[in-house]
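These notes are about the structure you will find just below.
Here is how names work: the chains are called A, B, and so on, in the same order as the sequence lines, proteins then strands, and each is numbered from 1.
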Amino acid sequence: VFSWNVAIRGYSESENPRESLVLYKKMLQYGGSRPDNYTYPFLFKVCAGLVLRCLGHEILGHVLQLGLEVDIYVHNALIHMLVWCGELEAAHKVFDEGRVRDLVSWNSLISGFARSGQARKALELYREMEVGGVKSDEVTMIAMVSTCAQLEDLNLGKEFHQCIEESGLTLTVPLANSLMDMYVKCGNLEAAQRIFDNMEKRTIVSWTTMVMGYAKFGCLDTARKLFDDMPEKDVVPWNAIIGGYVQAKQAKDALALFHEMQASNVKPD
RNA sequence: UCUUACGUCC
């Protein structure tokens with residue numbers, strides 16, 4: 001089982017994750033070793049990534065036969081799979097009826113609703129989690145801050161920001177990026193800039209969020225300055241800055257940048 | 001050997 005799991009994991013992280021499903025079938029055919037609680041999280045993750053809803057349910061059948069649904073890792077991976085296949089109600093049901101539940105279960109479900117635009121549902125679950133006395137972590141906060149961004153609810157966003165500072169959570173890069181994004185979407189560029197300035201490590205996402213923010217509000221010079229300072233660029237910041245010039249009806253600048261982008265080996269999308 | 005989190009357009 002151990003070697004099968006290593007191989008399945010290897011493929012699941014490769015550029016050809018389908019191979020791990022082929023391996024799983026072989027594993028079942030050879031019958032020498034039974035898949036275990038380490039095998040299934042990888043398989044569910046692959047189904048989630050490829051949105052293989054039917055296969056996911058088939059695999060769920062195997063899990064139930066083996067009685068592995070009570071393993072917390074398998075359970076959480078199952079919720080993750082259902083969420084990514086768009087079956088949020090089913091995920092919620094599994095979550096509610098499951099015998100096991102931890103912070104990862106909450107986070108998977110809450111993030112799922114947040115990502116699919118169901119902000120109210122995400123908030124509702126968060127409240128439920130609080131009432132249940134479960135402590136949030138950075139992952140929970142990313143989901144909640146993104147929810148505020150989606151609702152463009154600055155006050156609620158500030159509340160969560162304060163909550164993060166008071167609870168002693170670490171301002172991880174993704175969390176700081178989410179906060180910046182929330183402030184940008186709520187129109188508070190100053191607050192976003194403050195977070196950006198205080199970050200010790202910035203990723204391409206951090207830079208892009210600020211460039212987008214300034215471009216969105218027509219501060220093209222500021223956006224351009226940041227853009228030029230970016231240590232690396234992918235297609236997203238290029239789109240943002242070009243889009244900014246287009247909106248400002250600066251067609252020639254937009255076109256010039258478009259050619260510059262192609263010259264720098266970034267493919268337009 | 002195991003599960004959850006960030007950016008544009010689409």
Both conditions, 6.0 Å and 45 degrees, for the charged tip of A:R202 above the ring of A:F196: are they met here? yes
Would you mind reading off the distance between A:M129 atom CE and B:rU4 atom C1', rounded to a whole angstrom? 11 Å
Nucleotide B:rU4, atom C1' - distance to CZ of A:R101 in whole Å: 15 Å
Show which residues join A:M212 in its hydrophobic cluster (side-chain heavy-atom contacts under 4.5 Å, direct or indirect), or state none. none
A:E13: salt bridge (Lys or Arg N to Asp or Glu O under 4.0 Å) partners, not counting sequence neighbours: A:R9
I need a per-nucleotide contact map over nucleotides 5-10 of chain B, read 5' to 3'. Cutoff is protein heavy atoms under 4.0 Å; write B for the base, S for backbone only, - otherwise. BBBBB-
State which residues pass side chain to side chain donor-acceptor pair (under 3.5 Å) with A:K185; sequence neighbours excluded, sorted by chain then number. A:D181
The salt bridge (Lys or Arg N to Asp or Glu O under 4.0 Å) partners of A:D229 (sequence neighbours excluded) come to none
Atom pair distance, as rounded to whole Å: CG in A:N76 and C1' in B:rU3: 5 Å
Checking A:N16 now: which residues fulfil side chain to side chain donor-acceptor pair (under 3.5 Å) with it, not counting sequence neighbours? none
Value in whole Å for how far the P atom of B:rU3 lies from CG of A:D36: 13 Å
By ring-ring contact (aromatic ring centres under 6.0 Å, His included) - contacts of A:Y40 (at least two apart): A:Y24
Look at the side chain of A:Y38 and the base of B:rC2, then say whether one donor and one acceptor between them are separated by less than 3.5 Å. no
Using salt bridge (Lys or Arg N to Asp or Glu O under 4.0 Å) as the criterion, list what pairs up with A:K225, not counting sequence neighbours. none
Rounding to a whole Å, what distance do you find between A:D137:CG and B:rU4:P? 13 Å
Near RNA chain B, counting only heavy atoms under 4.0 Å, which residues of residues 40-57 of chain A show up? A:P41, A:F42, A:K45
